[in-house]
Amino acid sequence: MTELYDFDTAIDRRGTWCIQWDGVADRFGVDGLLPFTISDMDFATAPEVLAALRDRLDHGVFGYTTWQQDDFRSAVAHWYATRYGTEIDTGQLVYGPSVLNQLSQLLQMWTGQGDGVVVHTPTYDGFRKAITGLGRELRGVPVGDEEALVRELARPDAKVLVLCSPHNPTGRVWTADELTRMAELAERYGVAVISDEIHADFVHEGYVHVPWTRVAGEGRWALITSGSKAFNFPALTGSYGLIGDPADRAEFLRRMETAEGLASPAVLSLTAHIAAYREGGPWLDAVRAYVAGNLGHVAERLSADLPELGWEPPQAGYLAWIDLRAAGVDDAELQRVLVERERVAIMGGAVYGAPGFVRLNVGCPRTKVERGVEALIRAVKAVTSSPSGV
């Protein structure tokens with residue numbers, strides 16, 4: 001399948017206002033680093049998406065637009081039916097400019113100042129910023145620690161569980177049993193669930209994503225997502241969601257259309273979603289297989305040079321979440337060596353509340369992955385062999 005598409009040829013993204021490449025100095029303080037950072041890919045989106053966008057551009061008129069039309073709704077329903085064997089109620093659909101914007105709106109609807117919002121740790125930094133920025137209290141529970149999850153959900157002021165499914169940054173794919181148990185606990189303690197499923201389309205072979213709609217009970221819930229992560233068009237802006245309760249759904253739409261002034265979505269995002277969900281499946285399968293090969297290469301190199309890590313590829317996504325604690329690495333010194341000597345930018349785990357880890361983006365041509373993992377290996381060895389990394 002991958003032979004039908006070219007993922008090996010590098011596309012120069014410099015000078016395109018790209019956060020990962022052009023904005024690297026904002027986070028790392030140095031320009032010109034080879035970046036493995038923010039979670040977008042260095043690949044052009046699916047040819048079918050590009051063709052649909054060109055056709056829409058050729059029309060030449062870009063007036064106010066509605067997402068509440070059958071082309072979009074039926075494309076989403078088709079995707080869930082063919083990818084996940086799940087029938088969705090398209091009457092539950094809502095739309096927003098981004099998944100994080102939807103999260104913010106839902107938190108404002110379902111929580112008040114100082115209320116507890118439960119998340120799994122390590123935690124995607126976008127969640128942390130949204131939750132604490134609204135004056136809510138972020139309450140972390142380690143991935144897989146059900147006792148801690150029960151304890152936090154049972155607290156009287158716990159109002160929402162923000163679920164990342166699959167989980168970012170670890171790449172964990174929750175099982176149907178795990179999700180069912182979370183739904184039961186949330187309903188028991190009166191906690192609403194917001195399930196961010198933007199990484200769902202990148203689940204690797206051997207694992208199965210279960211949409212929240214399949215396990216949701218009678219409690220409050222929302223599933224928020226976008227095709228932008230898997231098909232690599234986040235700059236087009238656009239996301240959608242499913243909200244179970246009709247009154248909550250109506251309030252969400254009211255907020256978006258009046259309070260937020262976002263009644264008209266970006267037409268190119270709608271165009272891209274429809275083309276991706278109707279025609280982009282083969283490309284997605286191919287890029288996911290290519291990324292799996294990249295992750296396999298990282299595993300092979302780490303096994304050969306840093307076997308004490310025991311690293312294995314994630315169950316989903318193109319982000320290699322690497323535990324370096326067994327190597328005894330000092331985070332600050334590692335970052336110094338990566339930046340100053342190796343000239344690469346790799347996200348440190350402290351960003352996600354997990355010192356001792358790094359997050360390496362391998363959504364890129366294999367040659368770039370090779371440079372990144374070799375730089376990481378050299379930096380780890382330098383830091384662990386000499387306190388100053390020299």
Peer 1: If you count the non-hydrogen atoms of other residues, nucleotides and ligands that lie under 6.0 Å from CD in Glu87, is the total more than 12?
Peer 2: no
Peer 1: Would you confirm whether Trp311, through its side chain, and Trp321, through its main-chain N or O, come within 3.5 Å as a donor-acceptor pair?
Peer 2: yes
Peer 1: Do you know the tightest heavy-atom contact between Leu242 and Asp89?
Peer 2: CD2-O, 3.8 Å
Peer 1: Is the backbone of Val329 close enough, under 3.5 Å, to the side chain of Thr384 for a donor and an acceptor to pair up by distance?
Peer 2: no
Peer 1: Determine yes or no for a side-chain-to-main-chain donor-acceptor pair under 3.5 angstrom, with Gln102 supplying the side chain and Tyr240 the backbone.
Peer 2: yes
Peer 1: Would a single hydrophobic cluster contain both Leu360 and Trp21, if residues Ile, Leu, Val, Met, Phe, Trp and Tyr are joined by side-chain heavy-atom contacts under 4.5 Å?
Peer 2: yes
Peer 1: Counting distance only, does the side-chain N/O of Ser226 pair as donor-acceptor with the main-chain N or O of Ser239 below 3.5 Å?
Peer 2: no
Peer 1: If you measure from the Lys or Arg side-chain nitrogens to the Asp or Glu carboxylate oxygens, is any gap between Asp70 and Arg73 under 4.0 Å?
Peer 2: no
Peer 1: For Leu134, is there any backbone N or O sitting under 3.5 Å from a side-chain donor or acceptor partner on Arg136?
Peer 2: yes
Peer 1: With heavy-atom distances below 4.5 Å as the criterion, would you say the side chains of Thr66 and Ser264 are in contact?
Peer 2: no
Peer 1: Using modelled atom types and a 3.5 Å cut-off, is there a donor and acceptor pairing between side-chain atoms of Gln315 and backbone atoms of Val173?
Peer 2: yes
Peer 1: Ignoring hydrogens and geometry, is there a side-chain-to-backbone donor-acceptor pair from Asp196 to Ile198 under 3.5 Å?
Peer 2: yes
Peer 1: Between Glu197 and Ser195, do the side chains contain a donor N or O and an acceptor N or O under 3.5 Å apart?
Peer 2: yes
Peer 1: Could you tell me whether the side chain of Thr271 and the main chain of Ala52 form a donor-acceptor pair under 3.5 Å?
Peer 2: no
Peer 1: Taking atom types as modelled and ignoring hydrogens, do the side chains of Asp201 and Trp79 form a donor-acceptor contact shorter than 3.5 angstrom?
Peer 2: yes
Peer 1: Give the C-alpha distance, both sets of side-chain angles, the deciding distance and a yes or no for salt bridge (Lys or Arg N to Asp or Glu O under 4.0 Å) between Glu251 and Arg255.
Peer 2: CA-CA 6 Å; Glu251 172 60 13; Arg255 283 171 172 264; 3.1 Å; yes
Peer 1: Kindly determine whether Asn361 and Thr37 satisfy side chain to side chain contact (heavy atoms under 4.5 Å, CB included), including the steps that lead there.
Peer 2: CA-CA 6 Å; Asn361 182 344; Thr37 54; over 6 Å; no
Peer 1: Taking everything shown except Glu312 itself, do over 12 heavy atoms lie less than 6.0 Å from its CD?
Peer 2: no
Peer 1: If you count every heavy atom of other residues, nucleotides or ligands that lies below 6.0 Å from Arg371 atom CZ, does the total exceed 12?
Peer 2: no
Peer 1: If only side-chain N and O atoms count, and only distance matters, is there a donor-acceptor pair under 3.5 Å linking Arg128 with Thr123?
Peer 2: no
Peer 1: Could you tell me whether the side chain of Arg172 and the main chain of Ala316 form a donor-acceptor pair under 3.5 Å?
Peer 2: no
Peer 1: Using 4.0 Å as the upper bound for N to carboxylate O, is an ion pair formed by Asp177 and Arg181?
Peer 2: no
Peer 1: For Tyr290, does the six-membered ring have the charged nitrogen or CZ of Arg366 within the cation-pi criterion, i.e. under 6.0 angstrom from the centroid and within 45° of the normal?
Peer 2: yes
Peer 1: Would you indicate whether Glu147, at its atom CD, is surrounded by more than 12 heavy atoms from other residues, nucleotides or ligands within a distance under 6.0 Å?
Peer 2: no
Peer 1: When you measure from the side chain of His204 to the backbone of Gly317, do you find a donor-acceptor pair of N or O atoms at a distance under 3.5 Å?
Peer 2: yes
Peer 1: When the ring planes of Trp67 and Phe72 are compared, do they come out parallel, tilted or perpendicular, using 30° and 60° as the limits?
Peer 2: perpendicular
Peer 1: Taking Asp305 first and then Arg378, would you say they form a salt bridge - that is, a charged N and a carboxylate O separated by under 4.0 Å?
Peer 2: no
Peer 1: Could you see if Leu319 belongs to whatever hydrophobic cluster contains Phe357? Use Ile, Leu, Val, Met, Phe, Trp, Tyr and a side-chain cutoff under 4.5 Å.
Peer 2: no
Peer 1: Give the ring-plane orientation class for His273 versus Tyr95, where under 30° counts as parallel, over 60° as perpendicular and anything between as tilted.
Peer 2: perpendicular
Peer 1: Taking the ring centre of each residue, are Tyr318 and Phe202 less than 6.0 Å apart?
Peer 2: yes
Peer 1: Do His78 and Tyr277 have ring centres separated by under 6.0 Å?
Peer 2: no
Peer 1: When hydrophobic residues are tied together by side-chain contacts of less than 4.5 Å, even through go-betweens, does Val150 share a cluster with Val119?
Peer 2: yes
Peer 1: Using the side chain to side chain contact (heavy atoms under 4.5 Å, CB included) definition, which of the options Arg13, Met347, Gln20 pairs with Pro35?
Peer 2: Gln20
Peer 1: For Asp115 and Trp110, does a side-chain donor sit closer than 3.5 Å to a side-chain acceptor?
Peer 2: no
Peer 1: Decide yes or no for Leu268 and Leu57: does some side-chain heavy atom of the first lie under 4.5 Å from some side-chain heavy atom of the second?
Peer 2: yes
Peer 1: Would you say that more than 12 heavy atoms from the other residues, nucleotides or ligands in this model lie under 6.0 Å from the CG of Leu253, or not?
Peer 2: yes
Peer 1: Tell me, please, whether Phe36 has Lys368 positioned over its six-membered ring: NZ or CZ under 6.0 Å from the ring centre and within 45 degrees of its axis?
Peer 2: yes
Peer 1: I'd like to know if Trp221 and Ile88 are part of one continuous hydrophobic network [Ile/Leu/Val/Met/Phe/Trp/Tyr, side-chain heavy atoms within less than 4.5 Å].
Peer 2: yes
Peer 1: Does Arg54 come within less than 4.0 Å of Asp58, counting only side-chain N to carboxylate O?
Peer 2: no
Peer 1: Is any NZ, NE, NH1 or NH2 atom of the basic residue among Glu342 and Arg336 found under 4.0 Å from an Asp or Glu carboxylate oxygen of the other?
Peer 2: no
Peer 1: Check whether the side chains of Arg278 and Ser74 place a donor and an acceptor atom closer than 3.5 Å, and report yes or no.
Peer 2: yes
Peer 1: Identify whether Phe7 and Leu4 are in the same connected component of the hydrophobic contact network (ILVMFWY, side-chain heavy atoms under 4.5 Å).
Peer 2: yes
Peer 1: Tell me the closest heavy-atom pair linking Leu106 and Ile194, and the distance in Å.
Peer 2: CB-CD1, 3.6 Å
Peer 1: Begin with the C-alpha distance, continue with both residues' side-chain angles, and end with the deciding distance and a verdict on salt bridge (Lys or Arg N to Asp or Glu O under 4.0 Å) for Asp245 and Arg249.
Peer 2: CA-CA 6 Å; Asp245 181 74; Arg249 192 161 59 247; over 6 Å; no
Peer 1: Is there a donor-acceptor contact under 3.5 Å linking the side chains of Ser104 and Gln108?
Peer 2: yes
